[in-house]
Protein chains: 2
Amino acid sequence: MHHRHSYWKDKLKGSGCRLTLPRRVIFEVLNSTTKHLSAEDIYFMIHKKYPGIGLTTVYRTLDMMVRMGLVDKFDFGDGHSRYELLEAQDKQHHHHLICTKCGKVVDYTDFIKEEIALVKQTEEGLSKKYNFKINSHVTQFYGLCDKCKK
Amino acid sequence: MHHRHSYWKDKLKGSGCRLTLPRRVIFEVLNSTTKHLSAEDIYFMIHKKYPGIGLTTVYRTLDMMVRMGLVDKFDFGDGHSRYELLEAQDKQHHHHLICTKCGKVVDYTDFIKEEIALVKQTEEGLSKKYNFKINSHVTQFYGLCDKCKK
DNA sequence: AATATTAATGAAAATGATTTTCAATAGCAA
DNA sequence: TTGCTATTGAAAATCATTTTCATTAATATT
């Protein structure tokens with residue numbers, strides 16, 4: 001785990017950014033959950049212990065982490081952006097399965113292998129045909145979860 | 001073309017909705033472009049000829065068309081929802097390639113065949129494993145277009 | 001065609017997530 | 001310890017979208 005901590009701290013310092021309490025706290029929250037938290041979620045989670053940290057700072061910090069390539073930002077269509085730590089080395093590429101009723105999100109890695117091959121092939125084809133430099137892709141499935149199906 | 005018109009008009013009537021001027025105008029705009037318009041885009045496009053049609057109505061009409069399954073709503077990450085007519089019979093399933101700098105969007109259908117197979121397989125697997133009823137999926141590629149690559 | 005019913009409309013106000021502003025604070029290099 | 005300046009929190013601003021509500025217009029009925 002330590003290597004992961006130093007990784008982002010170094011990256012921060014390297015860009016002339018400072019290692020502050022809010023940044024450490026927000027990183028820790030992201031680092032200790034598998035959930036897809038919104039800025040507000042994080043704000044409330046840390047507010048009891050760190051009432052001094054404002055929602056503005058949470059937004060700013062998440063933004064910074066996204067720009068640094070440390071965090072991924074997702075939109076599941078419910079009006080709140082969600083943030084997820086990209087654990088550089090050991091995190092598997094995964095996609096999302098979203099319940100449109102209750103908002104439940106499942107990370108799945110099934111079929112990812114086949115998909116990676118297809119995506120790579122698609123990326124190459126599209127890059128060539130449309131002259132795009134492709135940087136990322138999103139695949140999401142929407143539906144009703146176990147409970148919401150009734 | 002006529003069959004397409006009657007299709008949506010019938011669907012409208014069928015749900016006890018009325019065929020109004022704003023609805024006809026907004027449908028026509030969507031029906032005569034391949035672009036991915038936002039509510040505001042549509043509002044400005046029709047404003048000269050129909051200054052009486054308000055932005056609120058554009059939003060309401062688009063919403064209704066989405067609920068009716070006539071229109072698809074997309075989020076390309078620029079803070080504006082985009083709307084696209086689903087031309088029931090002849091529209092090919094397609095995905096989007098989005099330039100993160102200028103916002104240019106390319107519809108592509110390349111590799112769609114392979115993808116459909118994979119998606120079907122994934123859907124079945126996920127449905128079973130996670131007990132989801134999957135209704136739709138989104139695949140988008142993000143990158144830099146020809147010009148923005150420089 | 002005239003009328004009655006009620007869905008649909010537009011203007012203005014409200015909402016709510018996110019951003020910006022700005023004066024005060026706190027990392028960190030010297 | 002000091003000084004520089006990045007970072008912060010609070011409050012205000014933004015801005016896409018929604019809601020409210022009195023008015024208008026589509027359509028079924030007469």
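Every chain is numbered from 1 and lettered A, B, ... according to where its sequence line falls, protein lines coming before strand lines.
Rounded to an integer number of Å, the gap from Asp78(B) CG to dC15(D) P is 14 Å. One can place CE of Met64(B) at 13 Å from C1' of dT9(C), the figure rounded to the nearest angstrom. Rounded to a whole Å, the CG atom of Leu37(A) is 16 Å from the C1' atom of dA17(C). In this entry the distance linking CG of Leu12(A) with P of dA29(C) reads 12 Å, nearest Å. Between the NZ atom of Lys73(B) and the C1' atom of dT18(D) there is a distance of 11 Å, rounded to whole Å. One atom, CG of Asp63(A), and another, C1' of dT18(C), lie 9 Å apart when rounded to the nearest Å. The distance from atom OH of Tyr43(B) to atom C1' of dT9(C) is 13 Å, rounded to the nearest whole Å.
The six-membered or imidazole ring of His137(B) lies away from that of His95(A), with a centre-to-centre distance of 6.0 Å or more. Two rings, from His96(B) and Phe74(B), have their centers less than 6.0 Å apart. Close placement of the His36(B) and Phe76(B) rings is indicated, their centers lying within 6.0 Å of each other.
No hydrogens or angles were tested; on distance alone, a donor-acceptor pair under 3.5 Å links the side chain of Arg18(A) to the base of dA6(D).
If you find the closest nucleotide of DNA chain D to Lys13(B) and to Leu21(A), the one lying nearer the 5' end belongs to Leu21(A). If you find the closest nucleotide of DNA chain C to Leu19(A) and to Ile53(B), the one lying nearer the 5' end belongs to Ile53(B). Residue whose closest nucleotide on DNA chain C sits further toward the 5' end, between Ser38(A) and Arg60(B): Arg60(B).
In this structure, the nucleotide among dT18(D), dA17(C), dA10(D) sitting nearest to the side chain of His80(A) is dA17(C). Here the side chain of Leu55(B) is nearest to one of dT18(D), dT17(D), dA16(D), namely dT17(D). Candidate nucleotides dT8(D), dT9(C), dA12(C) were compared by shortest atom distance to the side chain of Thr56(B), and dA12(C) ranks first. For Cys17(A), taking side-chain heavy atoms from C-beta onward, the closest of the listed nucleotides dT20(C), dT8(D), dT7(D) is dT7(D).
Looking at heavy-atom distances under 4.0 Å, Thr20(A) makes contact with sugar-phosphate atoms alone, never a base.
In terms of phosphate contacts, Tyr59(B) brings a side-chain nitrogen or oxygen within less than 4.0 Å of OP1 or OP2 of dT17(D). Close to dT17(D), at under 4.0 Å from its OP1 or OP2, lies a side-chain N or O of Ser81(B).
A distance-only check finds no donor-acceptor pair linking the side chain of Lys101(B) to the backbone of Lys149(B) [under 3.5 Å].
Closest non-hydrogen pair, Tyr83(A) versus Leu30(A), comes out as O-CD2, 3.9 Å.
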